[in-house]
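Written below as structure tokens is the structure these notes are about.
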2 protein chains.
Amino acid sequence: MLTKEQLETLWAEADEIYLNNISIDCVVFGFHEGVMKVLMLKSNNEDAWLLPGGFVRKLEPIDVSANRILKERTGLDEIFLKQFHVFGDPDRTKLHNEMYRDMLPAKKNFFDRRFISIGYYALVDFVNANPTPDVFSEVCTWQDINDLPPFQLDHELIFKTALDTLRLQLNYQPIGYNLMPREFTMPELQKLYETILGKKLDRRNFQRRMLGFGILNKLEETRKGGAHKAPYLYEFNLEHYQAALDGGLSGGW
Amino acid sequence: MLTKEQLETLWAEADEIYLNNISIDCVVFGFHEGVMKVLMLKSNNEDAWLLPGGFVRKLEPIDVSANRILKERTGLDEIFLKQFHVFGDPDRTKLHNEMYRDMLPAKKNFFDRRFISIGYYALVDFVNANPTPDVFSEVCTWQDINDLPPFQLDHELIFKTALDTLRLQLNYQPIGYNLMPREFTMPELQKLYETILGKKLDRRNFQRRMLGFGILNKLEETRKGGAHKAPYLYEFNLEHYQAALDGGLSGGW
DNA sequence: GCAAAAGTGTTATCCCTACACCCATGC
DNA sequence: GCATGGGTGTAGGGATAACACTTTTGC
């Protein structure tokens, strides 16, 4: 819980360095042990969870802001980030504003404002991310997207919009590179797609389609140790992957 | 050309009623006589053209802002509008800022600021639109998208991004309703698609696909007066059209 | 009657879907 | 050896793409 003094310092700083009225919220997807996760923060004022977010420095490009915010929350650099929607309802932070209004005089309170929020979604490497809370939160952790805690503000809408966008993007762009470890098996990759889409796919057709994209290199090794036939390992062919990102894939699920 | 006094009044008003640092720019598409048009304004300070734009009132939802701005520029209400991208480079309005900096003291100048611009594209009825300049421009008119004048600021990027987005949307959504007159022929509709996509389509396959969507009603009448065989007229089936908008179409070109 | 535009139908191909059999491994 | 998961191939159906002939109309 922040003290009144801390809040006043924060406010003073924020007003100096950030643009007023604009915020950024990020939906950070990770994938681990066959489960799709999203990074969330538990507010230290309420029993509700938020997406990682922040503000835009006065002379900072917004993509850089989003990167900076996520670097603070995950320790990762060079994150795959895409803006997907702007949330511009004047009432979207109403509850939030009222909370802070009790703590500081409204007139001079950076946080008691309307914020138009630019939504970004991010695909990150679960294993190397190091979730770190910010000053407004006590916990920063991954949540299973099928078992989410209660959201604060309009963050549930932001999350859902991001997931819908990601599902659509799946038809146009390869997405595995940022979410899978460097080497992976076809069933593992399939699990990722199934998790995002929320439905089962046919093993054989999935494999054919993926290979058809030409973005995978089949490796010689197999993943030993499983209780059954050892699956082959694959890695992404970065050159073709990048070309697919730029040029787009085709078709739909 | 605005006088210094007018600018000062504008500045004072703007600071009162609009959010700082946020703007909206609109790419307004119209279609007339087989040519795709975009609405543009000629700045009264420079020999360069701008997309219609404006600012967000302090308590106004951003979608409402976009509608309001376009109502001022076209006289139309209930415009088909979709936000498509945020342009957040701090230098995007640099030249613009310098221009206004000469006219008013920077510190107190609403226009000498960084603006993060939310891009909307709009599809409007060319015939009923009534292009009207704003206070910063002397001309507001339609421009052929294949023969565009020089753009100011980053408005060329905004335009191109909008067109790319529209092309993608074509795969998911019907778009004719907002661009065509109430009754139209199949070749006319095809021309619209060809203009947006920038390529020729097969007459027969186009017709089959369109009819397959089930969003058209074939009318009894034909368009007389042409120098050749009279084509049938169609109208959109609004119920099915709306369903297609909500549910999405399928496939790709 | 001829040129130009519009109406309509057929075929081939590709891609996606659905489905079946064999192989490797751990218990 | 048997259950489980993984590797691979094939046949059918639906949609798209390519393509040709006929009809109408103004000159």
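In what follows, every chain begins at residue 1, and chains take the letters A, B, ... in the order their sequences are listed.
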Rounded interatomic separation in angstrom, taking [atom1] from [X] and [atom2] from [N]:
X: Y232(A); N: dG5(D); atom1: OH; atom2: P; value: 20 Å
X: D202(B); N: dA15(D); atom1: CG; atom2: C1'; value: 15 Å
X: E188(A); N: dG6(D); atom1: CD; atom2: P; value: 9 Å
X: L211(B); N: dG9(C); atom1: CG; atom2: C1'; value: 14 Å
X: L189(B); N: dA5(C); atom1: CG; atom2: C1'; value: 17 Å
X: L216(B); N: dG7(C); atom1: CG; atom2: P; value: 12 Å
X: Q190(A); N: dG6(D); atom1: CD; atom2: P; value: 9 Å
X: H228(B); N: dG1(C); atom1: NE2; atom2: P; value: 19 Å

* Asked: Salt-bridged, E235(B) to K218(B), with N to O below 4.0 Å?
  ->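 Salt bridge: no.
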* Asked: Are R92(A) and D25(A) within salt-bridge range, i.e. N to O under 4.0 Å?
  ->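 Salt bridge flag = yes for D25(A) with R92(A).
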* According to the interplanar angle, ranging from 0 to 90°, do the rings of W142(A) and F126(A) count as parallel (below 30°), tilted (30 to 60°) or perpendicular (above 60°)? ->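 Ring orientation, 0 to 90° scale: tilted.
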* Is the F29(A) ring parallel, tilted or perpendicular to the F159(A) ring (thresholds 30°, 60°)? ->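 Aromatic pair F29(A)/F159(A) classed tilted.
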* Asked: Okay, side chain of Y241(B), backbone of Y177(B): is any donor-acceptor separation there less than 3.5 Å?
  ->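 Judged by distance alone, yes, a pair lies under 3.5 Å.
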* Asked: Has the side chain of R203(A) got a donor or acceptor atom sitting under 3.5 Å from an opposite partner on the base of dG7(D)?
  ->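 Flag set: donor-acceptor pair detected.
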* R204(A) or A230(A): which one's nearest nucleotide on DNA chain C is closer to the 5' end? ->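 It is R204(A), whose closest nucleotide lies nearer the 5' terminus.
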Of the listed nucleotides [options], the one nearest the side chain of [X]:
X: N205(B); options: dA6(C), dA18(D), dG9(D); value: dA18(D)
X: R208(B); options: dA18(D), dT8(D), dT4(D); value: dA18(D)
X: K229(B); options: dA18(D), dT8(D), dA6(C); value: dA6(C)

* Taking only side-chain nitrogens and oxygens of K200(B), does any of them come within less than 4.0 Å of OP1 or OP2 of dA18(D)? ->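 No, K200(B) has no side-chain N/O under 4.0 Å of OP1/OP2 on dA18(D).
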